[in-house]
Amino acid sequence: MSQTDLLVARQASRRPLAASRRPSSQIAILSCMDARLNVFAIFGLAEGDAHVIRNAGGCVTDDAIRSIALSQRVGGTREVVLLHHEDCAAVADPEADLRRCLGRLKSTFLLPHTDAIRGFLYEAGGALRETHPEE
Ligand SMILES: [Zn+2]
């Protein structure tokens, strides 16, 4: 039996999807995919509260921008949170990368809403530290 078979066998929830596709918080979160980051637990979110987009490093790639643009245009989100973390396997200097990512996201012309984009570094001890874009 594969790990996927085990996942399917232990499906814990069979609730139907909520009627609204729009996150109640109007927030989109772009996070590193690291399995140690439980984005919902870190921010106290429940299902339906936020769009969560994940990739290696939480990098602002063209695909991540496309996802955030759809989140804003179709999902009604207005704020974006970038979440990077210490001890990231994908990024050598996560704080510097977060600064670059914030700058790139704030300067893209593809997003209708760029006035509420913030970035946070999740420290190894569990604290969040806000980081600001490169000047
Ligand atoms: Zn990571």
Side-chain angles (χ1 to χ4, degrees):
M1 181 177 266
S2 72
Q3 292 298 311
T4 301
D5 291 333
L6 291 171
L7 283 178
V8 173
R10 67 177 194 228
Q11 179 184 6
S13 171
R14 292 180 186 268
R15 292 180 300 208
L17 292 173
S20 177
R21 294 185 194 121
R22 300 168 75 90
S24 61
S25 70
Q26 297 185 318
I27 293 176
I29 300 169
L30 173 60
S31 171
C32 181
M33 67 183 193
D34 191 305
R36 299 172 296 175
L37 290 179
N38 183 337
V39 175
F40 283 82
I42 289 169
F43 293 114
L45 297 168
E47 69 184 41
D49 284 350
H51 280 158
V52 179
I53 301 144
R54 300 187 79 156
N55 65 26
C59 297
V60 176
T61 61
D62 289 347
D63 190 58
I65 292 170
R66 182 188 64 84
S67 295
I68 294 167
L70 280 171
S71 175
Q72 292 186 349
R73 293 178 189 277
V74 178
T77 59
R78 296 292 179 264
E79 299 181 31
V80 181
V81 170
L82 302 185
L83 180 63
H84 289 207
H85 65 97
E86 293 181 340
D87 192 35
C88 183
V91 177
D93 185 343
E95 187 161 7
D97 191 64
L98 180 54
R99 290 182 195 287
R100 282 191 296 273
C101 285
L102 282 164
R104 181 173 185 207
L105 199 57
K106 284 178 178 277
S107 66
T108 184
F109 65 90
L110 297 171
L111 299 183
H113 307 285
T114 58
D115 55 326
I117 298 173
R118 297 171 65 183
F120 297 88
L121 185 72
Y122 190 82
E123 297 177 345
L128 284 173
R129 184 171 70 236
E130 186 159 11
T131 301
H132 301 282
E134 293 176 332
E135 294 299 322

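Just so you know, ligand 1 is whichever comes first in the structure, and atom 1 is the first atom listed for that ligand. Count residues from 1 along the sequence.
- Taking 4.5 Å as the limit, every side-chain heavy atom of Arg22 sits out of range of all side-chain heavy atoms of Thr77.
- The salt bridge (charged side-chain N to carboxylate O under 4.0 Å, His left out) search around Arg129 returns Glu95, Glu123, not counting sequence neighbours.
- In this structure the side chain of Leu70 never reaches within 4.5 angstrom of the side chain of Arg73, judged on heavy atoms.
- Looking at Leu105, Ile29, Asp97 one by one, the single match for side-chain contact (heavy atoms from CB on, under 4.5 Å) with Leu82 turns out to be Leu105.
- Under 2.8 Å from the Zn ion (ligand 1), one finds the following protein N/O/S atoms: Cys32 SG, His85 NE2, Cys88 SG.
- Looking only at side-chain heavy atoms (C-beta outward), His51 and Ile27 stay at 4.5 Å or farther from each other.
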Practice task
Test side-chain contact (heavy atoms from CB on, under 4.5 Å) on Leu121 and Glu86 and set out the steps.
Solution key: CA-CA 7 Å; Leu121 185 72; Glu86 293 181 340; 4.0 Å; yes
